[in-house]
Amino acid sequence: MWSTIAQHIAEVTETSCAVQLVKPVAGGCINSAYRLKGGNKDYFVKVNASAGPAMFEAEAVGLQELSDTNTVKVPRPICWGQVKGSVYLVLEYWPLKPITAEGLVSLGGQLAALHRIAQPHFGWHRNNTIGATPQYNTPSQNWLEFWRQHRLGFQLQLAATKGYGGALQRKGERLMAQAGALFVGYTPTACLLHGDLWGGNVASNTAGDPLMFDPATYYGDRETDIAMTELFGGFGPDFYTAYHAVYPLPDGYQVRRIFYNLYHILNHLNLFGGSYLAQAERLMEQVLLAIRRH
């Protein structure tokens, strides 16, 4: 496998890439990840034995689209393909370290600049994945209908096929029906999103510059990116201050934040099992209560 990948790298880069080292590195729970040294140059390689080639191709296209904005720093895709029943994605290699406080401040401003990149419709020109779950990006002019059908509704349907019915589905149906109340006086813009922006997908390089990776790119409400940064501990107050200084969030975000993060908790339920069921139901209850009070 590695000689085939190295040959592909050599063809794309037009440089020698004889394999000198292959070393496993931390790469998340969905894919296996490796550092490949070839031709005295390092590459980061993601490998998946169960996914189809479209998953990594979509990730590469998303990384390139983010990179082309010249707002945030993401790894440059080199090549991708299929070998011996597995798919692979080769990216430029970055030595990483935990993101610094200064890096988070820079990231806040950079993310705000990214979110200024907009288009007329929501969605994207291709489907991709959120983790290992399909993420459908069929273009739409109506944000709430897009979210109901391709985000929240899709995850609820998937949960039903996995046996999560009952209260989860009843509360989900009520929330879908009443969600319009969250958007009274607020019309989201179709902004370019990272799409999976939690703490595990950001880091610093050796110079301390902020980096982001593993996107689930599409155009949608920028609040979804900010909401996810708060889901697993938050990025710290200075990050949000820096973001707000460039692109302040509108009224109503604090409730929509819960509504948007429900998508990711449902995805975790579908990927990792019932330990996320109670949290998903609790988020639904919080949003429904806020709607009633409003």
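Hydrogens, waters and symmetry mates play no part in the numbers below; they use all other heavy atoms, side chains included.
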Exercise. On the 0 to 90° scale, with breaks at 30° and 60°, tag the Tyr218-Trp143 ring pair as parallel, tilted or perpendicular.
Key: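 Aromatic pair Tyr218/Trp143 classed parallel.
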
Self-check item: Heavy-atom pair with the smallest gap, counting every atom of Ala280 and Leu266
Solution: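 Of all heavy-atom pairs spanning Ala280 and Leu266, the closest is CB-CD2, 4.0 Å.
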
Quiz prompt | Atom of Gly109, atom of Ala242 and distance for their closest heavy-atom approach | solution = N-CB, 4.1 Å

Does the side chain of [X] come under 3.5 Å of the side chain of [Y] through a donor N or O and an acceptor N or O?
X: Asn128; Y: Glu59; value: no
X: Gln279; Y: Arg282; value: no
X: Tyr260; Y: Glu230; value: no

Go through the structure and list residues passing ring-ring contact (aromatic ring centres under 6.0 Å, His included) with [X], not counting sequence neighbours.
X: Tyr136; answer: Phe154
X: Tyr186; answer: none
X: His150; answer: Phe146
X: Phe235; answer: Phe239

Determine yes or no for a side-chain-to-main-chain donor-acceptor pair under 3.5 angstrom, with [X] supplying the side chain and [Y] the backbone.
X: Asn267; Y: Gly131; answer: no
X: Asn261; Y: Ala227; answer: yes
X: Asp214; Y: Asn201; answer: no
X: His194; Y: Phe213; answer: yes
X: His268; Y: His264; answer: yes

Quiz item: When clusters are formed by joining ILVMFWY residues with side-chain heavy atoms under 4.5 Å apart, either directly or through shared neighbours, do Leu114 and Tyr219 land in the same one?
Solution: yes

Quiz item: So if you build clusters from Ile, Leu, Val, Met, Phe, Trp, Tyr with side-chain heavy-atom gaps below 4.5 Å, do Val105 and Val72 land together?
Solution: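 The answer is no; the residues belong to distinct hydrophobic clusters.
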
According to salt bridge (charged side-chain N to carboxylate O under 4.0 Å, His left out), who are the partners of [X], at least two apart in sequence or on a separate chain?
X: Arg256; value: Glu223
X: Lys37; value: Asp42
X: Glu57; value: Arg126

Practice problem: Have a look at Gln135 and tell me which of Ile130, Asp196, Thr217, Asn127 forms a side-chain contact (heavy atoms from CB on, under 4.5 Å) with it. | Solution: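 Of the listed residues Ile130, Asp196, Thr217, Asn127, the side-chain contact (heavy atoms from CB on, under 4.5 Å) partner of Gln135 is Ile130.
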
Side chain proximity check, [X] to [Y], heavy atoms < 4.5 angstrom:
X: Gln20; Y: Asn40; result: yes
X: Ile5; Y: Tyr43; result: no
X: Lys41; Y: Ile9; result: no

Give the table of side-chain donor-acceptor pairs shorter than 3.5 Å for residues 156-177, with sequence neighbours excluded, one pair per line with atom names and distance.
{"from": "Thr161", "atom 1": "OG1", "to": "Leu158", "atom 2": "O", "distance (Å)": "2.6"}
{"from": "Tyr164", "atom 1": "OH", "to": "Gly274", "atom 2": "N", "distance (Å)": "3.1"}
{"from": "Gln169", "atom 1": "NE2", "to": "Leu156", "atom 2": "O", "distance (Å)": "2.9"}
{"from": "Gln169", "atom 1": "NE2", "to": "Tyr164", "atom 2": "O", "distance (Å)": "3.0"}
{"from": "Lys171", "atom 1": "NZ", "to": "Glu285", "atom 2": "OE2", "distance (Å)": "2.3"}

Quiz item: Going by the salt bridge (Lys or Arg N to Asp or Glu O under 4.0 Å) test, which pairs reach into residues 86-109, not counting sequence neighbours?
Solution: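 Salt bridge (Lys or Arg N to Asp or Glu O under 4.0 Å) check on residues 86-109 returns no pairs.
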
Quiz item: Does Asp251 CG have over 12 foreign heavy atoms under 6.0 Å away?
Solution: no

Going by atom type alone, with no hydrogens or angles, which donor-acceptor pairs under 3.5 Å involve a side-chain atom of residues 76-87 and a protein atom two or more places apart or on another chain?
none

Quiz item: Other than Leu289, which residues form its hydrophobic cluster under the rule that side-chain heavy atoms must be closer than 4.5 Å?
Solution: none

Quiz item: Among pairs that include at least one residue of residues 90-121, which meet ring pair (Phe, Tyr, Trp, His ring centres under 6.0 Å), considering only residues two or more places apart or in two chains?
Solution: His115-Tyr243

